[in-house]
Amino acid sequence: MIRLDGVGQVFDGREGRVTALEKIDLHVRGGEFVTLIGRSGCGKSTLLRLIAGLLPPTSGSVQVAEEPVTGPRRDVSFMFQRPALLPWRSVLSNVMLPVEIDKGSDRGKAAYRDRAHQLLELVGLQGFERRLPHELSGGMQQRVSLCRSLIRDPQVMLMDEPFSALDALTRTELSEELQRIKMELATTIVFVTHSIEEAVVLADRVVVLTPRPGRMREVVDIDIPRPRSLAQNAYVTEVAKISARLHALLSEKDSEDRR
Amino acid sequence: MIRLDGVGQVFDGREGRVTALEKIDLHVRGGEFVTLIGRSGCGKSTLLRLIAGLLPPTSGSVQVAEEPVTGPRRDVSFMFQRPALLPWRSVLSNVMLPVEIDKGSDRGKAAYRDRAHQLLELVGLQGFERRLPHELSGGMQQRVSLCRSLIRDPQVMLMDEPFSALDALTRTELSEELQRIKMELATTIVFVTHSIEEAVVLADRVVVLTPRPGRMREVVDIDIPRPRSLAQNAYVTEVAKISARLHALLSEKDSEDRR
Amino acid sequence: MTKRSWLTGSPAAAVILPIIGLAAAIALWWLATVVFSIQPYLLPTPWDVVVKFFDQPGALLSETGTSLLETIEGFLLAIVIGVPIALLIVRSVVLERLVYPLLLMVNSIPKVAIAPLLVVWMGFGQWPKIVMVLLMCFFPIVISTAQGMKSTPTELVELMRSLNATRAQEFFKLRLRYAMPQIFTGFKVAISLAVIGAVIGEFVGATKGLGYVIQQSGASADTTLAFAAIMLLSVMSIVLFYGLVLLEHLLLPWAQEKR
Amino acid sequence: MTKRSWLTGSPAAAVILPIIGLAAAIALWWLATVVFSIQPYLLPTPWDVVVKFFDQPGALLSETGTSLLETIEGFLLAIVIGVPIALLIVRSVVLERLVYPLLLMVNSIPKVAIAPLLVVWMGFGQWPKIVMVLLMCFFPIVISTAQGMKSTPTELVELMRSLNATRAQEFFKLRLRYAMPQIFTGFKVAISLAVIGAVIGEFVGATKGLGYVIQQSGASADTTLAFAAIMLLSVMSIVLFYGLVLLEHLLLPWAQEKR
Amino acid sequence: NGDDKGGQADNGLTKVNYLTSFNTFGREAYAYVALDKGYFKDAGFDVKITPGSGTVDVMKLVAGGQADYGIGDFTAIVITLGKQKLPVTTVGMIHQRSLAAIMSLKGYGIEKPQDLVGQTIADQPGSTNTVMFPVYAKAVNIDPKSVTFLPSPPPALPKLLASGKVKGIGQFVVGEPLIKKADPSHRDPVTLAYGDVLPQLYGNAIITRSDLAKDHPDQVKKFTGALLKGLQDTVDDPAGSAAILKKYVPDTDLAVATSELEIMKKYTKPDTFKGPLGDVDLERVKTIIGLLEQSNAMPKGSVTPDDVVTMSLAPKS
Ligand SMILES: Nc1ncnc2c1ncn2[C@@H]1O[C@H](COP(=O)(O)OP(=O)(O)OP(=O)(O)O)[C@@H](O)[C@H]1O
Ligand SMILES: Nc1ncnc2c1ncn2[C@@H]1O[C@H](COP(=O)(O)OP(=O)(O)OP(=O)(O)O)[C@@H](O)[C@H]1O
Ligand SMILES: [Mg+2]
Ligand SMILES: [Mg+2]
């Protein structure tokens, strides 16, 4: 579904260049859930933006659904690290934005509206449909943004730390929902997180990036059966083991790569 | 140091009122580290803004250092949930902002500049001093904001999810640094987090809020000796035990309070 | 942390204060004529002006109506022409660079100098006046609209792009909405210019309108009549300005500034 | 995802394109005079105008110099007066409500009508011209500055407040800086008005300047001379405008818009 | 910055500000002639000439003290003083006969006053041409109401006429060459001069501040004397005077200025006029006031001749 070959990204700044990514070769199969971990500033968000077609790579090639990426695609949804809500739109109409924009909707508008209400209820925002973003807490804004990225049942979902501002319970609930969606609709998901546990519980594969410049340190396959839960479950020990390994991988490079 | 008596906060919105906080009675002693947990939207940020004097409470009274709070105080620093960096200032000069603003600085400007460099190095931002905020990743921005809140060695620190965008390693390092600061300078800290483990490891006391409207469900004392670490340590079991209890407390109210 | 006082909070104050301000201005004017014993042929007293107005209120009001109509027609035309030009300018850097100098050229022509030209081309009817209004006021509208749309945060532009929005959608659903407060700033600057444009238009070949009255009175040194007309113009400007302010409050409740 | 082309990217294009635009405009003008066989007493051909200019380039340039000086002096005065007024207006709602109607009143007076008054009060020297420039252009500066400062994000205002910044610091370190792009928009609107103000000022009791030349040309029915002067005014406007654009780029590198 | 007005310059000359009536048309040449030939200097003045912007503005600037002397149309002066008591007074005439006229172009079908019936005339509102039209109409036996006046500022008038937007404009007779020049096909202008049927009307007059006239009559007399000497030279040598004007105002069109001055000759000094240049006749002033009252240009009794002219300062033969 997603294929990156020798992708690199260099930013030109006033104060010199920053190499954000280097030699990224990644192949995500259709319906696969890949989580991306790496230290802050290693290039995770940049990688997602490359896949989304928001940024042309400095080198290498990016393909989605066998086609080279030249710009954003209809079937890819992107949930940004920051909520990015339109300040003049109510919660509901922020969630409905993607539907409004894509005229060739397969379902009727009313159906989408129902879906929006359903999603808002799911994330615990019932009763806030008509509020404006500035009246919401940080976590509530993030949940609105999550609903927005889910409304169109996209083929590919790129999610940049979607749960970072959420409490443990909401996180658990929503990660279960996300797995359900993935399984039901065979959605391909690339998911950035700083929670190693979250990365393990959600992923089919975990990709570990090295610190700046971001290279691929390792790809770890997770074979625990689904559905899995962030809360206590039967595979605690396995999760703990893999988590420890990932933790080690993240730290290791730290000493190795900081020249 | 900080004393809240019967504090309540109601927001008037176009779409009706929202009671964010109700009957909050909290006393934080000098040098104490209090963490605040609760579900997203329960009023944690609002509580910090009340203490900081950025918002007058709808009811009740707020005191800091025995004086009623009528506005922001010089000796209180606030780290916001969002980075809130001035876009035209370089990283270094964003960090130096509080020093610039407080003319009655006890140390010389050069001393503060050294301190800023030291802090930036601590959070892994050496080499980025002259960049502008929009050239940084989300987590890097958050770290700049953290340095800014630390630069003046405040008496009281109010921190709203300061590590939410950071990876596990950086989190561990910085939480250790924060404990060091608290112990050396006897700083009073009120710290909001969504990570229960973090709340336990850092706190002298954990305050658990109920979901909207935020009331105080319980205050849990943590007696594990310092310094503690987020990484593996001697008190894993104790941390796990308390964490489980807090988890239960957070979930419990969920069924009880949602009328 | 300031509680809003009656002066800033109440809607009555929003009407009464400007009136007090105007009254004070008029008192000052009156004082000046008395203290410096300014000759009425230079600056009549407010009292003289009022008396002059009540000499022939009907006639003067009907002249005001004429000017008002021209002002509004020309202003609307300027919006209809200016906003699309701004859209094109923002859409294409090349177009911007090609078109801006032309706009500047047209804008920098002293309109008084070309008033006769317009009459020769368009006759003695309403048109040369309306075109004059248009010429006077289109530039602030274009430049504010363009600047406002350009300053849309990258974050939100990227959101629209990621949703695969067309350029048209990006402009109408995001940029134009985002620019609204700045567009209104442009309107507020433009409206006074529009009024002046009507007057200048009426200097040439008009038989009615306040510009005609001023021209007429200038010839016979009836300074008081000229000032009565000028005061009516001011009132017209002020009313139109506050009309825009009201419209802004109604249309853009989300943009209510905080201080 | 667009890569910048030569037309948008290169600095040479930034100079060449506007010149092409101007050339096209002049070609259009020339075509109009030919196709509609417009009489030169109404609109001379560009060629006539150029010839007229080279008749006496020295004299016309020296008149341009006079007008330029008045324009710049008046414009700077407008900044010196307008920006502090805007500061006061933003600082106090009460003051805003008291002062705005007064400003509007002054602004809506047709300046042509009061030109003789200024001469009577201030003589035949530079002053009435400079004051006319000031009167023409202070309003856009005030209103853009005020609006820009008001639109500072709450997030950043709260930051300053939490740092216990004085009102002055809030204004100078935050609001004024934040408003800079909008202030420049105001300047860009104001500069053309300033040029026109100089011309209107020179219509009455002047013995030099381009306004005098235009007035003068009436005495010899020399439309071509008038247009030569008008073209010089346009060039002056355009040069001043792009001077502001350049200044903006130098002063506000962080505000470079993205499209 | 009026600190230099009326003051003594270093060279012992009295500094004086002088305003032309409108712009620097050829008809204003006499002041430049007086300046150029040193008449002002001989009379003890250091004169600065500034182009005026119409009678009313000139009166205001003189009244306000920014200028000491100025030129304005006498009829307009009377009407203005009828409306407002400006501290200015007339101390001499430039033109013994009014320059006011309706001007058209050959081929527009206006050859004689009677052709005006039913026409639209563009003119600056309140100008002598407009205000005196009812009187003129009565004199030529047409109904004043049969002609429509369309207000337009002076610079627009030649364009409006040449473009055929209107068939006639209010214009001073000396505008003839300019109108001809402004017309692309240089058609000959047709001039219907008020002076032909209303010989009582004066043209332009010299005004000064009332207090100057009262406190320094000698100075005023000397100044008018010098100015009128320049005027005399323009009568004697229009071409030479135009050339002098061009020296000071390089944009001057020599041919136009010369023919303006040629035309002006018989209005400054009509063949029948025997008095001294600049002469003011109290009876004529009374008649003019009467005519203005009659045509409702101003209320009855709003001015007396004394309000308008200082007879004692008028040139004597
Ligand atoms: N300006 C406002 N106007 C109206 N309602 C508000 C405003 N600010 C906050 N609220 C409401 O107050 C409640 C508490 O908000 P607060 O930001 O304190 O939550 P929080 O505990 O910090 O949540 P999170 O963990 O998501 O940041 C929310 O329900 C929110 O909708
Ligand atoms: N527009 C830009 N200009 C210059 N440098 C940039 C830009 N955007 C990102 N960078 C740099 O690229 C690197 C990677 O940034 P990115 O946002 O991808 O990190 P990240 O892995 O998402 O970090 P975080 O976990 O903190 O969000 C950083 O060093 C950052 O400074
Ligand atoms: Mg990121
Ligand atoms: Mg919060």
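Being a predicted model, the structure only gives us computed values, none of them experimental. Chain A is the first sequence line, chain B the second, and so forth, proteins listed ahead of strands; every chain is numbered from 1.
Looking at every heavy atom in both residues, D:Leu104 comes nearest to C:Ser192 through CD2-OG, 4.2 Å. Closest approach of C:Leu22 and D:Met105 over heavy atoms only: CD2-SD, 3.6 Å.
With a 4.5 Å cut-off on side-chain heavy atoms, C:Pro140 and D:Val189 count as touching.
Distance check: C:Leu43 CG to D:Ile114 CD1 gives 10.5 Å after rounding to the nearest 0.5 Å. Note: C:Phe241 CZ to D:Ile143 CD1 = 4.0 Å, rounded to the nearest 0.5 Å. Rounding to the nearest 0.5 Å places CZ of C:Arg97 at 6.0 Å from CG of D:Leu17.
By number of non-hydrogen pairs under 4.5 angstrom with chain D, the leading residue of C:Asn107, C:Leu193, C:Leu28, C:Thr185 is C:Thr185. Here C:Ile109 is the residue among C:Ile109, C:Val199, C:Val195 with the most heavy-atom pairs under 4.5 Å with chain D. The most heavy-atom pairs under 4.5 Å with chain D, out of C:Gly21, C:Pro101, C:Ala23, C:Gly197, come from C:Pro101. Options C:Pro110, C:Ser237, C:Ala190 differ in how many heavy-atom pairs under 4.5 Å they form with chain D, and the most are formed by C:Pro110.
In this model, a donor atom of one side chain and an acceptor atom of the other lie less than 3.5 Å apart for C:Ser234 and D:Ser108.
Only the side chain of C:Phe227 comes within contact range of chain D, judged by heavy atoms closer than 4.5 Å. Residue contact with chain D, scored on non-hydrogen atoms closer than 4.5 Å, involves the side chain of C:Ile196 exclusively. Within the 4.5 angstrom heavy-atom criterion, no atom of C:Phe184 approaches chain D.
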